[in-house]
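Note that the structure is predicted; figures quoted are calculated from it, not measured.
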Amino acid sequence: MSKNVKNGLIWAFVGVMLAVMYIPIIILIIYSFTGAKALGVWSGFSFELYADLFTNESIMSAFKNSLVLALVSSLLSTLLGTTAAVGIFYMRKWRKPAANFIANITMENAEIVTGVTFMMFFLVLRIPYGWTTLIIAHTMITTPYVILSVTPKLSQLNPNLYEAGLDLGASPIRSMFTVIVPQLIPGMLSGFVMAFALSLDDFIVSKFVNGSVETIPVYLYNALAKRGADPTLRALSSILFVAVLAVLIALNVVAAKRRNRNIVK
């Protein structure tokens, strides 16, 4: 097989995979600009669904809950994940792989098992299901992704930076926050965005520990179970997709500029 044919097959495979992933999303976005109740029926260009979305108190309440939950849990997981990544990175011998294995359990475990585990854990501790249990659960399931984002940045650092800060008279904490942490900001931002998106999207764990708090995934499940798909959800899904895409593009642009600046230096 020639190199050109091989490259052509690779690009064809990539194209098919991208089409399978993104064509349904594109169709959803297109039909969010029509007032037809059924997906696939075009009744003319309209912002009716978007107008209905912002006047639907149930959806907006669930949307607000999801945003607050994702923001709080992502900030906490970024703090915990960065601290854990630094601690694990500087471990020695068998402790490092053991700590990495433990940190990745919730990421590799079946989500339904994680959800049931959290439900039983909070039940045993008699913690009422609601905001507290949601924040704790979402922080725990997203922290490993922050560790995964920050660890490569630690590997790229000069191993003598921290000791240099100590030699110049800085305390261990000051040396950490003034020398190490600024170098980890790109990884922390990537971890934060990943944690935010995962928290916003989570349904299984949320369903087990949400109590009376409805997030967007839980609202969708309840709505579909009771009265079928609400057409305004097409508008909501489109907004969420575009917002996350815009954030990812912005992060990649900033990272690219940072790399180019470092190359020039």
Side-chain angles (χ1 to χ4, degrees), residues 69-118 120-122 124-125 127 132-199 201-202 204-205 209 248 251-252 254-255 258-259 261-263 265:
L69 175 61
L71 182 61
V72 173
S73 63
S74 299
L75 287 172
L76 290 174
S77 64
T78 301
L79 177 63
L80 291 174
T82 302
T83 305
V86 173
I88 293 172
F89 183 78
Y90 287 104
M91 284 182 177
R92 295 291 184 267
K93 297 181 179 180
W94 60 270
R95 296 182 182 88
K96 187 172 183 178
N100 275 320
F101 173 77
I102 294 171
N104 291 335
I105 287 178
T106 56
M107 185 169 59
E108 298 173 355
N109 198 18
E111 197 169 2
I112 191 167
V113 175
T114 303
V116 172
T117 303
F118 277 123
M120 299 302 295
F121 175 72
F122 295 132
V124 170
L125 294 182
I127 301 176
T132 302
T133 54
L134 277 171
I135 290 172
I136 293 173
H138 278 231
T139 301
M140 291 300 101
I141 64 175
T142 55
T143 295
Y145 294 92
V146 178
I147 296 174
L148 201 63
S149 298
V150 173
T151 300
K153 295 298 178 183
L154 283 165
S155 302
Q156 296 169 9
L157 293 182
N158 186 326
N160 299 317
L161 281 177
Y162 179 72
E163 286 79 5
L166 296 178
D167 291 342
L168 292 173
S171 65
I173 293 178
R174 185 176 180 182
S175 182
M176 179 63 64
F177 280 97
T178 58
V179 179
I180 302 298
V181 171
Q183 306 295 322
L184 303 179
I185 289 177
M188 293 169 65
L189 285 175
S190 298
F192 173 83
V193 172
M194 188 178 295
F196 187 89
L198 288 168
S199 175
D201 183 59
D202 179 78
I204 296 177
V205 173
V209 300
L248 290 175
L251 283 175
N252 280 281
V254 171
R258 187 184 180 92
R259 283 196 300 269
R261 191 161 54 244
N262 290 337
I263 292 173
K265 289 180 181 180

Please round to the nearest 0.5 Å and tell me the distance separating atom CG of D202 and atom CG of L134. 9.0 Å
Would you kindly say whether T142 and S199 are connected by a side-chain donor-acceptor distance under 3.5 Å? no
Return yes when atom CD1 of I112 has more than 12 non-hydrogen atoms of other residues, nucleotides or ligands closer than 6.0 Å, and no otherwise. no
The reported gap from CD in E111 to CD1 in I141 (rounded to nearest 0.5 angstrom) is 6.0 Å
I need the minimum non-hydrogen distance between V150 and A85, along with the two atoms involved. CG1-CB, 3.8 Å
Could you check if a side-chain atom of L80 sits within less than 4.5 angstrom of a side-chain atom of M140, using non-hydrogen atoms only? yes
Taking atom CD1 of I147 and atom OG1 of T83, what is their separation to the nearest 0.5 Å? 9.5 Å
Should V209 and I136 count as side-chain neighbours, where that means a heavy-atom distance under 4.5 Å? no
Looking at side-chain heavy atoms only, is the closest gap between V181 and M188 below 4.5 Å? yes
Could you state the interatomic distance from CG (N109) to OG1 (T114), rounded to the nearest 0.5 Å? 4.0 Å
Please round to the nearest 0.5 Å and tell me the distance separating atom CZ of R95 and atom CD1 of I88. 13.5 Å
With F196, the side-chain contact (heavy atoms from CB on, under 4.5 Å) member among S73, S74, S77: S74
Can you tell me how far the CG atom of L184 sits from the OG1 atom of T82, to the nearest 0.5 Å? 7.0 Å
Are the side chains of F192 and V146 in contact, using a 4.5 Å heavy-atom criterion? no
Just so I know, are the side chains of L76 and H138 near enough to count as touching, which here means a heavy-atom distance under 4.5 Å? no
